[in-house]
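Written below as structure tokens is the structure these notes are about.
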Protein chains: 2
Amino acid sequence: METTIERATKIVKQGGFKLTKQRKSLLELLAENYQRYIDLTDLDGKMRELYPKMSYTTVYRNIREFSNLGLVEEQQHDGKTEVKFQCDDLHQHHHHFICNRCGKVQELEMCPLNFFEEQIPGSTITGHQFELYGLCAECTMKATN
Amino acid sequence: METTIERATKIVKQGGFKLTKQRKSLLELLAENYQRYIDLTDLDGKMRELYPKMSYTTVYRNIREFSNLGLVEEQQHDGKTEVKFQCDDLHQHHHHFICNRCGKVQELEMCPLNFFEEQIPGSTITGHQFELYGLCAECTMKATN
DNA sequence: ATCAATGCAAACCTTTTGCACGCGT
DNA sequence: ACGCGTGCAAAAGGTTTGCATTGAT
């Protein structure tokens, strides 16, 4: 069975990009946080904590590239740019429930769009944004202790 | 009948703030764009186009204040800060359909939250974000000409 | 060997802050 | 007259760009 990193590196190469140390490290760090969004500046900081020689320019540039390749998802939350590794379910449409405490992301099975399509007669819906925030079951338990 | 600006100025005064020329002008510009979100930097630019002596510091500071007073709504879209005058329906919970072409905002009558509350057992939903984007009926008509 | 990717420094854009002056109350 | 609000300049924070050097293929 292929790992998510193997799949990702394949996509990077197929995109015509070279597999540098920096890109490998970035993919590793992203993969470690597989199921959560990470603040981009935190990712950048953590990256240069692990590899002090790496420049933040490289982090930003590559996240951009990965984003174009569909390997990471970007989102804005609380005015911050957040980033998440996206390797499987590549083309599936879904929304998220995001835990404010641990940052874990759960995919929702339902898309609320259907309920709204008939509400705005004559218009054309081309995009939508839907996210839930709160405490996941685990963190809810911890919080009530 | 009271105008939205009159209502807004009242709220500003009641908040303990002075009614300066700059604040009046800002409220006017916001009121002109009553039903749409405006990019904050655009608003800033337009403001100093109309009143070249006004400093952008003042725009940002007052938008902040207005936001705290509930007079403007802020939102992030495409990585930009957008701002909308909010005078009536002050405390009503609602979501938006936002036209990508003319920027007009329509309020939706339904909140999709209800459909999702039972989907994540054990967790606590504390916030959600939901916006639709597209072309409003008017712009859809224009687009198909 | 080639050309893309990196690191560095500097620019950039949006937003915030400190401070002396001016204006609304 | 008092003190908040303004303008200015400068800083801050995140992100992008230009360019010479390094490194993957």
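Just so it is clear, the model here is predicted, and its values are computed rather than measured. Computed from heavy atoms alone, side chains included, the values below leave out hydrogens, waters and symmetry copies.
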task = Kindly indicate whether the side chain of B:Tyr56, heavy atoms from C-beta on, has any atom under 4.5 Å from the side chain of B:Thr41.
result = no
key: Boundaries of the chain A footprint along DNA chain D (any atom under 4.0 Å from a heavy atom)   = D:dG14 to D:dT25
request  = Find the bend of the helix from C:dA1-D:dT25 to C:dT25-D:dA1 as the angle between its two terminal axes (five pairs each), to the nearest 10°.
outcome  = 30°
key: DNA chain D contacts made by residues 20-33 of chain A, counting heavy atoms under 4.0 Å   = A:Lys21
remark   = Sorted by chain and number, sequence neighbours left out, side chain to side chain contact (heavy atoms under 4.5 Å, CB included) with A:Thr58 holds for A:Gln22, A:Met54, A:Ser55, A:Arg61, A:Asn62
request  = Measure the distance from CD on A:Glu65 to C1' on C:dT6 and round it to the nearest whole Å.
outcome  = 12 Å
task = Would you list the pairs meeting salt bridge (Lys or Arg N to Asp or Glu O under 4.0 Å) in which at least one residue belongs to residues 9-34 of chain B, sequence neighbours left out?
result = B:Glu2-B:Lys10, B:Arg23-B:Glu65
request  = Specify the residues of residues 40-49 of chain B, ordered by number, for which at least one heavy atom lies under 4.0 angstrom from an atom of DNA chain C.
outcome  = B:Leu40, B:Thr41
request  = For B:Gln75, check side chain to side chain contact (heavy atoms under 4.5 Å, CB included) against everything at least two apart and list the hits.
outcome  = B:Tyr37, B:His77, B:Glu82, B:Ile98, B:Glu131, B:Tyr133
message = Under the salt bridge (Lys or Arg N to Asp or Glu O under 4.0 Å) definition, can you give me all pairs with a residue in residues 39-50 of chain B, not counting sequence neighbours?
response = B:Asp44-B:Arg48
request  = Within residues 51-58 of chain B, find the residues that approach DNA chain D with a heavy atom at under 4.0 Å, and present them sorted by residue number.
outcome  = B:Lys53, B:Met54, B:Ser55, B:Tyr56, B:Thr57, B:Thr58
inquiry  = Run the side-chain hydrogen bond (donor to acceptor under 3.5 Å, both in side chains) test against A:Ser25 and tell me which residues pass, sequence neighbours left out.
reply    = none
ask   = Would A:Glu74 and A:Thr81 satisfy side chain to side chain donor-acceptor pair (under 3.5 Å), going step by step from the backbone distance to the final call?
value = CA-CA 7 Å; A:Glu74 262 178 270; A:Thr81 305; 5.4 Å; no
note = Atom OH of A:Tyr60 and atom P of C:dG7 are separated, to the nearest Å, by 15 Å
